[in-house]
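Worksheet for the structure shown next.
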Amino acid sequence: MYKFARFFLFLLNPELAHHISMRGLKLACFFGLLGNKKVIASKPKSIMGLRFPNKVGLAAGLDKNAEYIIPLSKLGFGFIEVGTVTPRSQPGNKKPRLFRLIEDEGIINRFGFNNVGIDQFIKNIKKAKFKGILGINIGKNYDTPNDKAVEDYLICYRKAYPYAGYIAINVSSPNTKNLRKLQGNEHLEILLKALNKEQKILHKRFKKLVPFVVKISPDNSKKQLDSIAKLLIKYNVDGVIATNTTVEREGILSSKYINEEGGLSGGPLNKKSTNVIKHLNKSLNGKIPIIGVGGIMTADDGVEKINNGASLIQIYSGLIFKGHRLVDELCKAIR
Ligand SMILES: Cc1cc2nc3c(=O)[nH]c(=O)nc-3n(C[C@H](O)[C@H](O)[C@H](O)COP(=O)(O)O)c2cc1C
């Protein structure tokens, strides 16, 4: 069924295909065509104080504005991450900004955090009344300089807190100028210190502890990963998502889009992100759980991420190329 739909969707411009398929999913959900399938219960697991019905989640970026939470939840995921959202709405980069690398099962995107802004985003979440685990991925506006970035993260963090299962701090998108520099020691320490302090305040106010996790880039060196790991431990960060997309182009064999700027995901990212997970697993020494993401296109890829130290996994490109049967296959394989 998905192969059939994919054939037609892949004839269209990728961004248009994305909107059509999300609206199609919403309609199918509305008319009850997705069934009443609950999340696949496969080895429920408690991580970061949350009970995940299964270990397979949807990665950030597919539902940037939290508009499709319920339809997406019908695909069997154990958790769903929405965003990245920024304090103010912004249009993102000029089109075209999304490229399908069909032969390599990869995607290059340079969206640049196009989103409706945190206030409308929260309205969308409230409307969805989702009962499962919702990750809210937050970032900074493109025109906020790095030395003011903490304020942007705090604005989103405070507004997201009451509605989030966990909050993901995105300091690794390659499509917002200099954002990835926030992974550097000095910036990261200031950011984590502020978020750790705010978490304590909000914990008291709302009487619930919402974990926060940091999403990192696959392009960090081992030395950089070690410094990041030290800070994550120092500031009691609850988890780390490894990884975002890469700006490097190794592993692309045949696509004509190889020279397009942006973050590369899917098949060509797989090895690189697994290596980051493997290294982080050593430097974190089991103290902080890792959410593994990057190039999971088959059940075996998911198992490999788990075997290298991931406690949970997420997919994005795999869903585009393989459809939602990949979620079932991953759950079964991990079981
Ligand atoms: C089109 C597209 C948009 C994305 N947007 C975001 C985003 O807004 N925030 C974020 O943290 N990651 C974003 N990502 C990265 C994914 O969440 C994921 O980390 C990455 O694609 C690697 O996983 P994959 O190989 O399964 O796609 C995006 C990825 C794609 C392909």
Side-chain angles (χ1 to χ4, degrees), residues 13-19 21-22 56-66 77 79-86 90 92-93 95-101 104-116 121 135-142 153 156 166-176 179-180 182-183 213-219 240-247 251-252 257 260 262-274 276-277 290-298 301-302 304-305 310 312-322 326-327 330:
N13 156 294
E15 198 165 339
L16 177 66
H18 168 76
H19 291 302
S21 47
M22 295 308 280
V56 185
L58 175 69
L62 189 79
D63 189 5
K64 284 180 183 283
N65 293 323
F77 291 108
F79 60 110
I80 298 215
E81 192 171 312
V82 288
T84 298
V85 64
T86 55
Q90 58 180 38
N93 293 323
K95 295 178 188 172
R97 51 193 181 176
L98 183 62
F99 305 89
R100 255 185 236 117
L101 284 55
D104 306 308
E105 293 199 326
I107 296 173
I108 291 177
N109 92 83
R110 50 169 181 264
F111 272 114
F113 294 167
N114 51 313
N115 77 97
V116 293
F121 182 92
I136 298 183
N137 183 307
I138 63 174
K140 72 168 191 74
N141 279 110
Y142 79 99
Y153 285 97
C156 292
Y166 68 88
I167 297 176
I169 313 301
N170 184 359
V171 285
S172 48
S173 167
N175 301 314
T176 295
L179 186 91
R180 302 192 314 162
L182 296 176
Q183 292 168 106
V213 306
V214 175
K215 183 163 180 177
I216 63 166
S217 157
D219 301 327
V240 54
I241 304 181
T243 67
N244 213 314
T245 55
T246 175
V247 294
I252 296 191
Y257 296 118
E260 288 295 343
L264 169 68
S265 59
L269 174 63
N270 183 6
K271 246 201 195 129
K272 205 172 167 65
S273 79
T274 303
V276 170
I277 292 166
I290 301 169
I291 302 173
V293 51
I296 299 176
M297 312 303 280
T298 65
D301 296 338
E304 200 189 6
K305 291 272 195 282
L312 301 165
I313 56 172
Q314 293 178 319
I315 59 168
Y316 185 143
S317 305
L319 187 67
I320 307 302
F321 282 93
K322 302 288 163 71
L326 181 58
V327 183
L330 283 165

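Only heavy atoms go into these numbers, but all of them, side chains included; no hydrogens, no water, no symmetry mates. Order of appearance sets the numbers: ligands from 1, and atoms from 1 within every ligand.
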Problem set entry | salt bridge (charged side-chain N to carboxylate O under 4.0 Å, His left out) against Asp63, all qualifying residues, sequence neighbours excluded | none

Exercise. What are the atoms of ligand 1, with element, lying closer than 4.0 Å to any heavy atom of Leu98?
Worked result: 1 (C)

Seminar exercise, completed: One finds that the ligand 1 atoms under 4.0 Å from a non-hydrogen atom of Gly295 are 24 (P), 25 (O), 26 (O)

Problem set entry | Pairing residues for Tyr142 by the ring pair (Phe, Tyr, Trp, His ring centres under 6.0 Å) criterion, not counting sequence neighbours | none

Exercise. For the atom pair CD (Gln90) and CG (Asn115), what is the distance rounded to the nearest 0.5 Å?
Worked result: 5.5 Å

Problem set entry | Side chain, backbone, both or neither: Asn270 near ligand 1, heavy atoms under 4.0 Å | neither

Exercise. Side chain, backbone, both or neither: which part of Leu269 comes within less than 4.0 Å of ligand 1 when only heavy atoms are counted?
Worked result: side chain

Exercise. With no hydrogens and no angle check, is any side-chain donor or acceptor of Glu260 less than 3.5 Å from a backbone partner on Arg110?
Worked result: no

Seminar exercise, completed: Logged contact type for Glu81 with ligand 1, heavy-atom cut-off 4.0 Å, is neither

Exercise. Which atoms of ligand 1 are found less than 4.0 Å from any heavy atom of Asn170?
Worked result: 9 (N), 10 (C), 11 (O)

Exercise. For ligand 1, is any non-hydrogen atom under 4.0 Å from Thr84's backbone (N, CA, C, O), its side chain (CB onward), both, or neither?
Worked result: both

For this session: With atom 26 (O) of ligand 1 as the reference point, say which of Phe111, Phe321, Tyr316 has the nearest heavy atom.
Result: Tyr316

Problem set entry | Heavy-atom nearest neighbour in the protein, as seen from atom 28 (C) of ligand 1, with distance rounded to 0.1 Å | Ala60 O, 3.8 Å

